[in-house]
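Being a predicted model, the structure only gives us computed values, none of them experimental.
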Amino acid sequence: MSASPAAPELAFALEREDPLDRYVIGFVADSLGLSAVETDPASDRPLLYRGAHPPEGVRGIVVAPRAGDLISAADDLPSRLPFDLIGAIGAFLTDAVNGASAPRDASGRLSYAASFQARHALTEEPLVNRYVEALRLLVERDLGERTRPRWPDGRRAAIGLSHDVDRPAKWGILRAVREGRWPPDPRRLPGFAAKALVTATQRLRQADDDFWLFDPLIAAERAHGFRSTFFFAAMPAWGAWGSYGDVYYELTWSRFGPVFEALRAGGFGIGLHAGYETYRAASRFRWERERLAELADLEVRGLRHHHWHLGADEAATLRSHEAAGFAFDSSLAFNDHPGFRRNVGLPFRPWDPVEKRALTTIQLPTFCMDASLFSVETSVETALALVDRYLAAIKASSGFGAIDWHVRTAIPANREFRRWGETYLAILDRLASDTELWVTSLDEVAAWVEARAG
């Protein structure tokens, strides 16, 4: 599978110097399989002109900056656009629609109820995709450029499968206690001891560990011809910068060796589940990435933050991903509701407001996590109905969306998460029956995006 090496051009011109406008046009070009080329607006070449006062005789598409509504049907548009598609796309990609002052929870996450998306009933549609599709039609009609297919083998849309490895060992904290793995901060000892005591009580009532479900999960996905990416944490709760929000396992435990071997042999992806406090320094990302790569015996290209915890300055954290050498991240999502956190269901490189450029680390948006889905639905049937609506919206816009299902919840092998496991297996059946979808790991999606961009 390889992307076409030749990319047709999207010629554009800016009335005023604006790095953000240039970034948005570059994103649109990438999404359409084009190469953005800035040119002289006075040339005879058809182009996309960004400005309120186009030169006389300019041919092509004119998008004028406008303040106001960010939502439009974007249908049947003339060459002189009455709606500022470029500005609207930029507002969503940079999250300007929500802003830094929007209410956050204790982990710094924007609650869905407080979001622009909730206020404007944009739950199930990646609106940016619709705007990119409108520009595709205009580029082909008015600029005469033929855009390239977004996904391999004629597939209409793509779904990335992924799993956070949060609590794969049900009694992990008890092993940590036996090994003398205690939090270094004495203020955290009471909470740690209380959790260990609760887990010990549960352990007395149940002998087996019904959370360690790697083998049946790998088998279920392979039976459908799928692969996924598993995100493992390298910083436990008792580690150097571990916290109450981190995991209770060590990657050095011998139990993980066969798991890594099975994932490598099956072509599955292995990514980093960045620690709760890792966002504070790029050096922490590098250490965790190198630690996981050493123990898993393969290159670690991607990550997702534990608890979606990116810190108050998300832009600085995304910049650290690039500094640490990650090819992709999948950490922008709602924790308490399904949906697209920035209303985009396409791979994109985030905007850095400090350096005024696109970062190199690709963002792969997550639209569905098991816990967020079951925070709004109560049965397998209603959960599947909601997933179906999201899948339909992704397909309608040739988009992408990542699904995040925890290992302990992906197979109906325990009482706590039986409905969740049944739902995930039913989702796999749905995805397998839809020949228009490319379903694979986040690692493979990122590799395709890189190859397509040349």
- Item | Between CD1 on residue I427 and CG on residue L391, distance to nearest 0.5 Å | 7.5 Å
- Between R22 and E38, is there a salt bridge with N-O shorter than 4.0 Å? yes
- What salt bridge (Lys or Arg N to Asp or Glu O under 4.0 Å) pairs are there with at least one residue in residues 396-408, not counting sequence neighbours? R304-D404
- Excluding sequence neighbours, so at least two apart, what forms side-chain hydrogen bond (donor to acceptor under 3.5 Å, both in side chains) with R430? D388
- Measure from the side-chain N and O atoms of R59 to the backbone N and O of S43, and report whether any donor-acceptor pair falls under 3.5 Å. no
- Query: Do the rings of H307 and Y276 sit parallel, tilted or perpendicular, given the 30° and 60° boundaries?
  - Reply: perpendicular
- Message: Donor-acceptor pair, distance only, cut-off 3.5 Å: does the side chain of E322 make one with the backbone of T360?
- Response: yes
- Lys/Arg N to Asp/Glu carboxylate O, R280 vs E277, below 4.0 Å: yes
- Ion pair check, R150 and E133, cut-off under 4.0 Å: no
- Taking the side chain as every heavy atom from C-beta outward, state whether L332 and L310 have any atom pair closer than 4.5 Å. yes
- Contact check, side chains of V407 and F214, non-hydrogen atoms, under 4.5 Å: yes
- Message: Closer than 4.0 angstrom, basic N to acidic O: yes or no for R301 and E450?
- Response: yes
- Message: If we ignore hydrogens and angles and just use 3.5 Å, is the side chain of T378 paired with the main-chain N or O of F374 as donor and acceptor?
- Response: no
- Heavy-atom neighbours of R66 CZ exceed 12 at 6.0 Å: yes
- Item | Any donor-acceptor pair under 3.5 Å from D336 side chain to Y112 backbone | yes
- Salt bridge check: are D95 and R341 linked by an N-O gap of less than 4.0 Å? yes
- Message: Using the ring centroid of each side chain, check whether F334 and F367 are separated by less than 6.0 Å.
- Response: no
- Task: Before accepting this row, confirm whether a basic side-chain N of the pair E17/K356 lies closer than 4.0 Å to the acidic partner's carboxylate O.
- Result: no
- Task: Could you please spell out the steps behind the side chain to side chain donor-acceptor pair (under 3.5 Å) verdict for T366 and S330?
- Result: CA-CA 6 Å; T366 301; S330 188; 2.8 Å; yes
- Message: Could you check, using the six-membered ring where one of them is a Trp, whether F256 and W212 have ring centers closer than 6.0 angstrom?
- Response: yes
- Item | Whether R50 side chain and R16 backbone form a donor-acceptor pair below 3.5 Å | no
- Message: Taking CD in E261 as the centre, count heavy atoms belonging to other residues, nucleotides or ligands within less than 6.0 Å. Is the count above 12?
- Response: no
- Message: Could you check whether any side-chain N or O of K395 sits under 3.5 Å from a backbone N or O of A392, counting only pairs where one atom can act as donor and the other as acceptor?
- Response: no
- Task: Decide whether D329 and S331 meet the rule of one side-chain donor and one side-chain acceptor closer than 3.5 Å.
- Result: yes
- Test: R156 and D434 ion pair at under 4.0 Å: no
- Determine the interplanar angle of the W438 and W151 rings, folded into 0 to 90°, and report it as parallel if under 30°, tilted if 30 to 60°, perpendicular if over 60°. tilted
- Geometric cation-pi criterion, R289 with F326: 6.0 Å, 45°: yes
- Are any side-chain N or O atoms of R418 and backbone N or O atoms of P412, one a donor and one an acceptor, separated by less than 3.5 Å? yes
- Query: What about the rings of H309 and Y279, do their centers lie closer together than 6.0 Å?
  - Reply: yes
- Message: Whether R155 and E436 form a salt bridge (side-chain N of Lys/Arg under 4.0 Å from carboxylate O of Asp/Glu) is what I want to check.
- Response: no
- For the ring pair H321 and H305, is the centre-to-centre distance below 6.0 Å? yes
- Item | Ionic contact status for E145 with R136, cut-off 4.0 Å | no
- Message: What I want to find out is whether R419 reaches D370 closely enough, with some N-O distance under 4.0 Å, to be called a salt bridge.
- Response: no
- Minimum heavy-atom distance D18-L14, with the two atoms named: O-CD1, 3.9 Å
- Task: Indicate whether the side chain of T382 and that of S379 have a donor and an acceptor atom separated by less than 3.5 Å.
- Result: yes
- Item | Polar side-chain atom of R389 near backbone of E125 as donor-acceptor pair, under 3.5 Å | no
- Item | Flag, side chain of S243 to backbone of G245, donor-acceptor distance under 3.5 Å | yes
- Message: Are the side chains of R349 and Q363 in contact, using a 4.5 Å heavy-atom criterion?
- Response: no
- Query: Hey, is the main chain of R109 close enough, under 3.5 Å, to the side chain of D105 for a donor-acceptor pair?
  - Reply: yes
- Going by atom types only, do D166 and H273 share a side-chain donor-acceptor pair under 3.5 Å? yes
- Criterion side chain to side chain donor-acceptor pair (under 3.5 Å) on Q117 and T123, from CA distance to verdict: CA-CA 6 Å; Q117 289 83 350; T123 306; over 6 Å; no
- Task: Verify whether the ring centers belonging to H163 and F231 lie closer than 6.0 Å.
- Result: no
- Test: E221 and R227 ion pair at under 4.0 Å: no
- Parallel, tilted or perpendicular, as decided by the 30° and 60° cut-offs, for the rings of F417 and F211: tilted
- Message: Using ring centroids (six-membered ring only for Trp), state whether F340 and F92 fall under 6.0 Å.
- Response: no
